[in-house]
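A short write-up of the structure that comes next.
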There are 2 protein chains.
Amino acid sequence: MTEAAEMARPRVALLDRERIANAALAIVDETGDFTVPAIARALNVQTSSLYHHVDGRAGVIELLREKVVDAMDYDQLHRIDQRPWQEVLACFARSYREAFAAHPHIVPILATTTVRAPLVISAYERVIAMLHEAGFPERDSLAMVTALENFIIGSALDLAAPPVMWEIPEAAEAPELAKALEAVPRDAERAERADRAFEAGLAALLAGFTESLPSR
Amino acid sequence: MTEAAEMARPRVALLDRERIANAALAIVDETGDFTVPAIARALNVQTSSLYHHVDGRAGVIELLREKVVDAMDYDQLHRIDQRPWQEVLACFARSYREAFAAHPHIVPILATTTVRAPLVISAYERVIAMLHEAGFPERDSLAMVTALENFIIGSALDLAAPPVMWEIPEAAEAPELAKALEAVPRDAERAERADRAFEAGLAALLAGFTESLPSR
DNA sequence: ACCTGAACACCGTTCAAGT
DNA sequence: ACCTGAACACCGTTCAAGT
């Protein structure tokens with residue numbers, strides 16, 4: 001008998017940051033949010049045990065952010081080659097959004113805190129350099145990247161939004177909107193609608209940026 | 001002596017939804033979030049008293065949403081006249097974002113819940129109709145409006161983000177990004193940077209939409 | 001170093017009791 | 001109808017005690 005329930009310091013650690021991250025992510029995916037005690041329950045551990053590995057709730061949020069950042073595809077930014085900058089930006093945006101799309105409920109949790117992962121920093125670094133080379137002044141390029149990122153985050157939030165985005169109350173008369181909504185997939189195909197909006201916006205943004213290129 | 005502290009049902013009501021909404025908004029503006037007990041304290045009332053006027057925390061969030069919605073300017077959508085649709089969309093987007101800009105911390109709180117105010121519904125209604133008249137098929141117009149809204153929400157979130165968006169750790173080598181960040185106002189003028197990004201994105205989106213107009 | 005169990009302050013919500 | 005006060009379940013965090 002190992003009396004596992006009573007042991008104060010087990011021979012092999014029960015916890016580590018990765019197990020905590022995975023449990024947290026699973027709970028977020030299921031319930032839309034997480035709780036420190038819920039993580040502990042999922043790992044058959046006391047709540048206070050988590051504090052030996054992670055700096056409380058804020059620390060768990062950092063873990064979740066790392067998870068998302070790791071899911072992004074940065075390789076494409078390495079071989080920028082001769083591909084046009086529009087294409088690189090589009091890939092960047094899609095991979096960014098897809099990393100969130102895999103875990104939509106994570107977006108609202110991360111939305112308010114700072115990006116500080118070195119990987120992300122250097123990704124931005126490359127994008128800015130690329131835009132500079134394409135002929136955009138630095139001031140503009142930063143505004144462009146920020147605008148693109150804002151669009152991506154907003155689009156990711158859209159994925160986490162409740163199923164019916166626009167509840168039409170009987171009171172309001174909205175025949176045109178109703179028609180537009182009818183002409184659109186519902187429930188399970190909601191993601192498709194979100195995808196279409198994302199691609200429409202991305203295409204428009206890139207077209208607009210291209211038009212604003214000074215050297216034209 | 002009125003023994004106010006003991007009275008169970010005061011002659012004049014101490015609370016109403018508007019006072020609750022105002023208190024909540026003030027707390028959100030100050031602290032970045034609100035708490036039901038905090039509202040009660042601000043109004044010199046017992047926490048449980050609030051539940052006679054509002055459906056708990058979720059109800060308070062609805063009140064906050066109404067506050068924001070009321071702050072938007074819909075008049076411009078009434079007299080669509082002969083103004084080009086791009087101009088109308090731009091006004092719409094700016095007024096939408098400005099309503100959030102007045103209370104940035106409100107954005108993360110509202111970001112996940114559904115829009116159902118009739119005023120908002122009918123505003124979308126008019127925009128969709130206008131785009132249809134301009135020559136866009138309904139399917140496209142809905143994607144466009146959604147994309148624009150996502151961009152606006154993302155830009156509004158940007159306003160609520162912590163002051164230093166991109167912390168550059170010493171480890172990461174990011175000279176170009178650093179230069180771009182240097183060329184930009186800091187601290188108090190952060191709003192200006194956000195504004196620039198917003199205007200850049202808005203202009204690009206509208207230019208891109210215009211380019212995609214089928215009847216060209 | 002790593003886990004437990006007890007403890008604390010705090011939040012969201014309910015409900016009987018009063019006027 | 002409207003406010004109070006007590007009560008409950010739950011969360012985030014700390015810390016001494018054990019191995």
Side-chain angles (χ1 to χ4, degrees), chain A residues 1-28 30-65 105 108-110 112-113, chain B residues 1-28 30-65 105 108-110 112-113:
Chain A
M1 268 208 212
T2 43
E3 309 184 28
E6 290 170 334
M7 65 183 161
R9 169 142 152 64
R11 292 143 159 267
V12 295
L14 299 176
L15 291 175
D16 57 60
R17 295 168 62 86
E18 192 175 345
R19 268 177 279 201
I20 294 174
N22 289 335
L25 188 54
I27 293 172
V28 168
E30 270 181 54
T31 69
D33 201 357
F34 78 92
T35 261
V36 182
I39 298 174
R41 278 190 294 269
L43 296 173
N44 286 313
V45 141
Q46 225 59 27
T47 301
S48 52
S49 306
L50 297 174
Y51 284 79
H52 291 275
H53 302 266
V54 163
D55 186 18
R57 183 180 166 84
V60 175
I61 291 178
E62 275 321 296
L63 287 185
L64 290 178
R65 185 193 312 290
H105 292 308
I109 298 174
L110 302 186
T112 44
T113 38
Chain B
M1 268 211 212
T2 42
E3 307 182 32
E6 289 170 334
M7 67 181 158
R9 170 141 149 66
R11 290 145 160 260
V12 293
L14 297 177
L15 292 175
D16 57 61
R17 294 169 63 85
E18 192 176 344
R19 268 178 279 202
I20 294 174
N22 289 334
L25 188 54
I27 293 173
V28 168
E30 270 180 55
T31 70
D33 201 357
F34 78 92
T35 262
V36 182
I39 299 174
R41 279 191 292 271
L43 296 173
N44 286 312
V45 141
Q46 224 60 28
T47 301
S48 51
S49 306
L50 297 175
Y51 286 77
H52 291 275
H53 300 266
V54 164
D55 185 17
R57 186 182 164 84
V60 175
I61 292 179
E62 276 321 296
L63 287 185
L64 290 178
R65 184 192 313 290
H105 293 308
I109 300 174
L110 301 187
T112 44
T113 39

Sugar-phosphate only, base, or nothing, as touched by A:S48 at under 4.0 Å among non-hydrogen atoms: base

DNA chain D: 5'-proximal contact among A:H52 and A:T35 (nearest heavy atom): A:T35

For [N], does either OP1 or OP2 sit under 4.0 Å from a side-chain N or O belonging to [X]?
| X | N | result |
| --- | --- | --- |
| B:R9 | C:dG18 | no |
| B:R41 | C:dC11 | yes |
| B:S49 | D:dC2 | no |
| B:Q46 | D:dG5 | yes |
| A:H53 | C:dA1 | no |

Side-chain donor/acceptor of A:R57 to backbone N/O of A:V36, under 3.5 Å: no

Main-chain N/O of B:V54 paired to B:R17 side chain as donor or acceptor, under 3.5 Å: no

Please give, in whole Å, the distance from [N] [atom2] to [X] [atom1]?
| X | N | atom1 | atom2 | value |
| --- | --- | --- | --- | --- |
| A:D33 | C:dG12 | CG | P | 13 Å |
| B:Y51 | D:dC2 | OH | P | 18 Å |
| B:R57 | D:dC10 | CZ | P | 18 Å |
| A:I27 | D:dG12 | CD1 | P | 11 Å |
| B:D16 | D:dC3 | CG | P | 9 Å |
| A:R17 | C:dA1 | CZ | C1' | 16 Å |
| A:N44 | C:dT4 | CG | P | 10 Å |
| B:L50 | D:dC3 | CG | C1' | 11 Å |

pair B:S49-B:L14: side-chain heavy atoms closer than 4.5 Å: no

Student check: side-chain heavy atoms of A:I20 and A:I39 closer than 4.5 Å: yes

Both distances under 3.5 Å, Watson-Crick or G-U wobble: report the partner of [N], or none.
| N | answer |
| --- | --- |
| D:dC3 | none |
| C:dA17 | none |
| D:dC11 | none |

Nucleotide nearest A:T47 when distance is taken to its side chain, options D:dT13, C:dC3, D:dC3: D:dT13

Smallest separation among heavy atoms of A:L64 and A:A24, with atom names: CD2-CB, 4.1 Å

Pairwise 5' ranking along DNA chain C for A:L15 and B:P37, keeping only the more 5' one: A:L15

